[in-house]
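Heads up, the thing below is written out as structure tokens.
Remember, it's a predicted structure, so these values are computed and weren't measured experimentally. Ligands are counted one by one from 1 in listed order, and the atoms in each one are counted from 1 as well.
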Amino acid sequence: MPNTFESESRKLLGRLRDTMADKAAGQERLDKITHLTADSMGTEVCSIYLFRDDETLELCATQGLNPESVHQTRMKLGEGLVGRVARTGKVINAADAPSAKGFRYMPETGEEIYSSFLGVPIQRLGEKLGVLVVQSKEAREFSADEIYALEVVAMVLAEMAELGAFVGEGAALQARHTQSVLIRGVTAQEGTAEGHIWLHEPRVVVTNLVGDDPAKEHARLTEAVENLRVSVDQLMAVASGDTEQVQVLEAYRMFANSKGWLRRMEENIDRGLSAEAAVEKEQSDVRARMLQATDAYLRERLHDLDDLSNRLLRILTGQGTQTGAELPENPILVARNIGPGELLEYGRQLRGIILEEGSVGSHAAIVARALAIPLVIGAKRIQNEALNGDHVMVDGDQGIVHLRPDDTVVNAFRDKMAMQAKAQERYASIRDKSAVTLCGKTIRLDMNAGLMADLPSLESSGAEGVGLFRTELQFLVRSQMPKRTELAALYSRVLDAAQGKRVVFRTLDIGSDKVLPYMQAQDEPNPALGWRAIRVGLDKPGVMRMQLQALLRAANGRPLSIMFPFVAQYEEYTAARAEVNKAIARETKLGHALPEKLEIGAMLETPSLAFACKKFYEEVEFLSIGGNDLKQFFFAADRENERVRRRYDTLNVSFLSFIEDIIARCKATNTRLSFCGEDAGRPVEALCLAAIGLHSLSMRPASVGPVKHLLRRCNLDDVRKVIHDAQDAGEQSVRPAVMEYLRGLS
Ligand code: PEP
Ligand code: MG
């Protein structure tokens with residue numbers, strides 16, 4: 001009978017709350033809970049197993065099993081029924097446990113006399129803490145109501161654990177969020193940083209778990225959901241025009257109005273939970289489903305639902321963004337994911353960024369790179385593990401996060417940072433010197449940029465100019481298409497900041513991985529080979545014309561360099577050039593000043609352009625090899641795909657021969673050539689490119705120092721010989737031979 005069940009459930013919750021309020025030690029509380037639960041559920045046994053490390057569970061309290069086995073009985077994740085509940089996060093309900101799949105007999109516990117087994121995971125918002133089990137002699141399956149009751153006890157246990165209610169002796173009862181943790185993620189921006197955690201989404205802790213007056217809790221939930229709906233509608237009104245955001249908000253609205261969602265939370269209240277605990281229980285279930293969802297779309301929707309529950313929890317608890325907390329000293333931002341605009345708002349005050357998700361090519365990663373802030377992505381569990389203010393060390397070079405590091409790690413990490421600082425000093429000392437090699441060749445080193453935030457690096461890095469200004473970044477960090485006047489003002493500020501140094505503006509390179517939130521996304525089977533960059537510019541010339549006009553106006557008589565991305569054939573270059581001519585004619589007609597010098601170049605990013613006719617090479621004023629794209633097409637290996645993106649070495653003899661061929665063509669036609677892919681910023685790669693004749697390289701600002709330092713120590717004639725000898729010897733990559741040469745340098 002549901003009513004009897006509900007009142008039983010509420011009674012049990014009330015008794016659990018009293019246990020929590022008792023001034024007892026952690027162990028005593030656990031013991032009481034097992035006693036209360038067994039009593040309330042009418043079972044002979046109730047046991048609590050908690051994790052003592054990521055892989056091992058320990059029996060921490062029991063009513064009914066041999067008390068001697070407490071803190072002695074341990075099992076690995078996946079081992080026995082308890083281990084299986086922990087691994088899968090799913091309930092096991094077995095009438096005849098000894099014959100159930102995976103049963104493992106633990107003789108020291110004396111459990112052989114118990115037939116039925118019900119185990120539920122103890123987890124908090126997807127984080128696994130242990131397993132709660134009841135057993136009885138009678139061979140019977142537990143009812144849905146009983147399962148629910150045990151799940152609620154498990155949830156209360158998880159919340160109490162979060163609040164430190166079970167701290168005691170031994171690893172399994174250690175206080176939470178105090179141990180040091182190492183989390184492995186993926187590098188998205190190199191660099192190291194030490195600081196303190198700042199959670200982008202403040203953590204909501206539910207202290208009031210039990211609702212004495214269900215009517216009151218229902219009213220609180222109804223009011224909060226109503227507030228939530230209103231706030232989603234308000235966000236919707238503001239977001240109109242931002243298709244991506246509107247889509248997310250539509251999903252929010254759908255969930256906020258979903259009867260099933262509300263009903264599940266209301267049922268939780270009926271069974272004795274407070275409104276906030278009811279929301280959190282539902283959220284925990286969503287997180288558990290999220291962990292198991294393999295379909296990307298479903299996972300995204302579950303994330304939406306999770307975000308929505310967070311908002312609801314903040315409304316109910318009053319804990320939210322206005323926590324009054326201030327950014328700690330040397331803040332290291334932690335978030336599941338973050339948009340480029342939000343990241344720009346934090347700006348340079350951040351020392352490091354750790355994202356639980358994210359991708360190397362994401363807009364947030366682009367911004368982090370522009371701000372030169374170390375960024376680790378894919379740092380699983382960081383949001384669960386970290387608390388605001390925790391000490392943390394971010395190793396962006398290795399993609400590792402040391403949370404609450406111990407002294408050994410702190411010392412080793414600080415040594416590493418000191419060595420890096422020393423190297424920086426070395427680079428600073430040659431900042432104003434040229435990259436002249438021992439054989440007397442001067443290599444031009446420029447930097448890549450894309451945001452105003454990049455420009456201060458022009459001075460500090462020692463770059464000679466901006467070899468690649470990725471104009472799409474300005475489009476990507478906005479929620480609306482920028483206007484011509486805004487762009488003109490921005491480009492003008494870029495030229496002002498460059499103080500006469502050459503800036504090569506690349507026209508909008510969108511499509512493929514760079515999708516503008518406010519432009520209709522194209523559903524293409526293979527976007528990297530699809531409608532992107534100059535293809536979009538020529539097919540829909542409106543934006544390109546607007547951008548060319550903005551550039552001419554920004555120059556306002558000053559020299560101007562424009563480069564077209566992803567040109568695959570001569571005719572695309574001539575068509576784009578014709579657009580520039582038209583823009584110039586228009587500006588002349590309007591009486592506006594024209595650039596004192598105008599150069600129009602192209603990016604060589606497709607193998608086809610390397611083999612373009614001689615006329616193209618004669619006509620184009622400069623070429624820049626976009627090595628990131630060129631390499632992916634040369635090897636047919638997607639630059640975004642972790643499985644293959646590092647499979648082929650840039651120093652592979654075929655790729656170097658191909659580049660040498662391009663260099664030879666440019667020499668024959670006297671065409672200015674540079675290289676602006678990521679490889680230009682890797683010292684060994686840069687050295688090899690310089691040795692085979694690429695004497696102009698553009699790279700991220702932080703790479704200028706290390707590349708210059710290495711070039712100044714090398715003789716390019718010697719390196720060229722090493723490369724050619726390795727090629728002649730039939731090596732696959734010249735890297736081992738070049739590394740050998742470098743080891744021989746004094
Ligand atoms: C390249 O492809 O090498 C390049 C510089 O362009 P992007 O990385 O912006 O595609
Ligand atoms: Mg490219």
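- Of the listed residues (Met603, Met563, Arg470, Arg532), just one forms a side-chain contact (heavy atoms from CB on, under 4.5 Å) with Asp509, and that residue is Arg532.
- Every atom of ligand 1 is numbered from 1 in the order shown, and the set under 4.0 Å from a heavy atom of Met603 is 4 (C), 5 (C).
- Considering Lys631, Arg506, Arg639 only, the shortest heavy-atom separation from atom 8 (O) of ligand 1 involves Arg639.
- Looking only at atom types and distance, the side chain of Asp446 has no donor-acceptor partner in the side chain of Ser698 under 3.5 Å away.
- Heavy-atom proximity to Asp629, at under 4.0 Å, picks out these atoms of ligand 1: 1 (C), 2 (O), 3 (O), 10 (O).
- For a threshold of 3.5 Å applied to N or O pairs, the pair formed by Gly627 and ligand 1 contains at least one separation below that value.
- At a heavy-atom distance under 4.0 Å, only side-chain atoms of Leu468, from C-beta outward, approach ligand 1.
- Applying the 4.0 Å criterion to heavy atoms of Gly677 picks out, from ligand 1, the atoms 3 (O).
- Close approach to Cys676 involves these atoms of ligand 1, each under 4.0 Å from a residue heavy atom: 5 (C).
- Summarising the contacts of atom 5 (C) of ligand 1 with Glu605, Glu678, Met699, Arg470, the nearest heavy atom is found in Arg470.
- Side-chain contact check for Asp395 and Gln398: no donor-acceptor pair (N or O, by modelled atom type) lies under 3.5 Å.
- Both the sub-6.0 Å distance and the 45° axial angle are not jointly satisfied by Arg558 relative to the ring of Tyr491.
- Taking a cut-off of 2.8 Å, the protein N, O or S atoms nearer than that to the Mg ion (ligand 2) are Glu605 OE1, Asp629 OD2.
- With 3.5 Å as the limit, one finds a donor-acceptor pair spanning the side chains of Ser561 and Glu599.
- For the pair Arg535 and Phe566, the cation-pi criterion (under 6.0 Å, within 45° of the ring axis) is not fulfilled.
- A donor atom on one side chain and an acceptor atom on the other are found under 3.5 Å apart for Lys631 and Thr650.
- Tested against Arg577 for a salt bridge (charged side-chain N to carboxylate O under 4.0 Å, His left out), the candidates Glu619, Glu621, Glu572 yield a single pass: Glu621.
- Ring pair Phe564/Tyr573 is perpendicular by interplanar angle, where above 60° counts as perpendicular and below 30° as parallel.
- Of the options Leu343, Leu371, Leu375, a side-chain contact (heavy atoms from CB on, under 4.5 Å) to Leu350 is made by Leu343 and by none of the others.
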